[in-house]
2 protein chains.
Amino acid sequence: MAGRTDTKREILDVAEQLWLHRGYNGFSYQHIAKQLGIKSAAVHYHYPAKQDLGVALVERMRRRFARWVVRTAELDGFWPKLDAYIAIHQVYLDDDSKVCPTGILDAEFHTISDEMRRSARELTREMHGWLTTLFRDGREKGDVCFRGEPDGVAAVVGATVQGALQIARAVGRGSFHLTIDHLKLQLRRREPTVDA
Amino acid sequence: MAGRTDTKREILDVAEQLWLHRGYNGFSYQHIAKQLGIKSAAVHYHYPAKQDLGVALVERMRRRFARWVVRTAELDGFWPKLDAYIAIHQVYLDDDSKVCPTGILDAEFHTISDEMRRSARELTREMHGWLTTLFRDGREKGDVCFRGEPDGVAAVVGATVQGALQIARAVGRGSFHLTIDHLKLQLRRREPTVDA
DNA sequence: TTGCCTCCTTACTAATTAGTAAGTAAGGTT
DNA sequence: AACCTTACTTACTAATTAGTAAGGAGGCAA
């Protein structure tokens, strides 16, 4: 035994590291097994097929995001909440320059199973939904200034953060911070705007 | 022969389709060979190792972008040029929902060769440089309104377009258009801004 | 016509992939 | 004591991977 009862969770943990670092097609059951000091058949015992593991990874991300939403509800005001959303991604960047789950899911979208795709779609919608609510409430309270509809800015912000995280891999972390700083600058209240 | 003299280019064309659709780790020499009706060893003849093919793909993208920059110089004004930049990505979206080269390169960044990484970095910098110039000139001529520095907005716009293209895979094309429309809305001159 | 060069095929290798089947050791239940 | 379940290991398959080596067919040049 020795391997103990939380092997299943440990597999998911190792798989998640590999996944966000190398992509779904960039790791195998052998990589996971080697890191845990078990045999790849043991991984198959817990997750018979790789798509089972893949779905479990995305579903765990969804549950984690749902719990994050609950925790984040306690933060008050638009900016602390937006910063919390950005902080999720900042953690990926700092942790060996990983990317966010939706980023990798989208990039490899045409190589994953239907069920993974469904989960990926749900996760993306949940994140976009949260951002939309954030911007609707933020405008109502006068914390943030933007044109158009809340779901529009939400889409821009979601895409920007995901894109910035990826681009930072190629050109360095400074690029992420430049992007985020400017994104926030554009959203700030009313200030003496620099124009033409 | 029959196979003709442009086999090398045909290989690159097929590889590019597969690459932008399934990712670098999502296709093999056999996929390319089968589509062209040749043997995979013939692909190795032209591109001995897969990383040679990979570098060739990125380098061609860089040359293509450089030519695009020259062509685009003839367009006058900020908005037609920005629309041209977006149109590049729109084409990827419409062509079987592909993603942009930098998007896939960033996602699989830790699984590609050093030389591919170098090329990817260059391509990213070239695109960001072009956008930066676009925003600097656009502000000078009063065509566009933004806070902060040109390279900041350029980073935001680059990240947004790349992110939006990927996200559209999961939730549909409408998401790309929503994002782009709102991005442009935020950049428009001065209008009767919707505030709090 | 001899020989070389280009572009390909046939025929392989060695490694890695996902996945399965059968067996086993430990612990709990009856 | 007999038995079942959980969590593995050993040992395998079949497919696919990148990559190589040797050979052949056609065109071109001397």
Side-chain angles (χ1 to χ4, degrees), chain A residues 1-19 21-58 104-105 107-117, chain B residues 1-19 21-58 104-105 108-117 119:
Chain A
M1 297 292 86
R4 214 50 19 73
T5 48
D6 46 350
T7 303
K8 188 159 186 173
R9 214 213 47 203
E10 286 174 353
I11 289 170
L12 224 51
D13 289 342
V14 171
E16 186 179 301
Q17 302 293 313
L18 290 163
W19 180 42
H21 197 257
R22 316 209 355 129
Y24 184 72
N25 296 317
F27 75 91
S28 73
Y29 273 31
Q30 296 209 38
H31 290 112
I32 300 169
K34 201 162 282 180
Q35 272 201 42
L36 289 175
I38 57 177
K39 301 295 165 180
S40 71
V43 183
H44 278 284
Y45 170 76
H46 292 287
Y47 300 97
K50 198 182 177 185
Q51 61 155 311
D52 299 323
L53 176 63
V55 171
L57 283 168
V58 189
I104 211 80
L105 285 163
E108 300 179 305
F109 203 71
H110 298 292
T111 70
I112 61 179
S113 70
D114 286 352
E115 209 182 337
M116 275 189 81
R117 273 200 275 263
Chain B
M1 293 299 84
R4 210 57 23 67
T5 48
D6 45 349
T7 304
K8 189 161 185 171
R9 215 213 46 201
E10 286 174 352
I11 289 169
L12 224 50
D13 289 341
V14 170
E16 185 179 301
Q17 301 292 314
L18 289 163
W19 180 42
H21 197 255
R22 317 209 355 130
Y24 184 72
N25 296 317
F27 74 90
S28 73
Y29 273 30
Q30 296 209 41
H31 290 111
I32 300 168
K34 200 161 283 179
Q35 273 201 42
L36 288 176
I38 57 177
K39 300 296 164 178
S40 70
V43 183
H44 278 283
Y45 171 77
H46 293 286
Y47 300 98
K50 199 183 176 184
Q51 61 155 317
D52 300 323
L53 176 63
V55 171
L57 283 168
V58 188
I104 211 79
L105 285 163
E108 299 180 304
F109 203 70
H110 298 290
T111 71
I112 61 179
S113 71
D114 285 352
E115 210 181 336
M116 275 189 81
R117 272 198 277 264
S119 294

| said: Regarding B/Tyr47, tell me which of base, sugar-phosphate or nothing describes its non-hydrogen contacts under 4.0 Å with the strands shown. | reply: nothing
| query | For A/Asp6 and D/dT6, what is the distance between atoms CG and P respectively, to the nearest whole Å? | reply | 17 Å
| task | Please report the closest heavy-atom contact between A/Lys50 and A/Asn25, naming both atoms and the distance. | result | NZ-CA, 4.4 Å
| remark: B/His46 has its side chain closest, among C/dT9, D/dT17, C/dC7, to C/dC7
| said: Need one value for B/Lys50: base, sugar-phosphate or nothing, where a base atom within 4.0 Å counts as base even if backbone is also close, heavy atoms only. | reply: sugar-phosphate
| field | Whole-Å gap separating P (C/dA22) and NE2 (A/His44) | value | 17 Å
| Picking from C/dC8, D/dT20, D/dT9, which would you name as closest to the side chain of B/Ala41? | D/dT20
| query | So is A/Lys39 actually on top of A/Tyr29's ring, under 6.0 Å and inside 45° of the axis? | reply | no
| field | Gap between atoms CD1 and P, on A/Ile11 and D/dA7 respectively (whole Å) | value | 11 Å
| Does B/Tyr24 offer a backbone N or O that forms a donor-acceptor pair with the side chain of B/Glu108 under 3.5 Å? | yes
| task | Whole angstrom is fine here: how far is it from NZ in B/Lys39 over to P in C/dT10? | result | 5 Å
| said: With a 4.0 Å cutoff (strictly under), does any side-chain N or O of A/Ser40 reach OP1 or OP2 of C/dG19? | reply: no
| message | In whole Å, I'd like the distance from the OH atom of A/Tyr29 to the C1' atom of C/dT20. | response | 13 Å
| query | Counting any heavy atom closer than 4.0 Å, what does B/Tyr45 reach on the DNA or RNA strands: base, sugar-phosphate only, or nothing? | reply | base
| message | Does D/dT16 have its OP1 or OP2 closer than 4.0 Å to a side-chain nitrogen or oxygen of B/Ser28? | response | no
| request: Could you state the atom-to-atom distance from NZ of A/Lys34 to C1' of C/dT17 in whole Å? | output: 13 Å
| said: Ring-plane angle category for B/His110 and A/His21, please: parallel below 30°, perpendicular beyond 60°, tilted otherwise. | reply: parallel
| query | If you round to the nearest 0.5 Å, how far is OG1 of B/Thr111 from CG of B/Leu105? | reply | 9.5 Å
| Between atom NZ in A/Lys8 and atom P in D/dT6, what is the gap in whole Å? | 12 Å
| Which nucleotide in the set D/dA21, D/dA18, C/dT17 lies at the smallest distance from any side-chain heavy atom of A/Gln30? | C/dT17
| To the nearest Å, how far apart are B/Phe27 CZ and D/dT17 P? | 11 Å
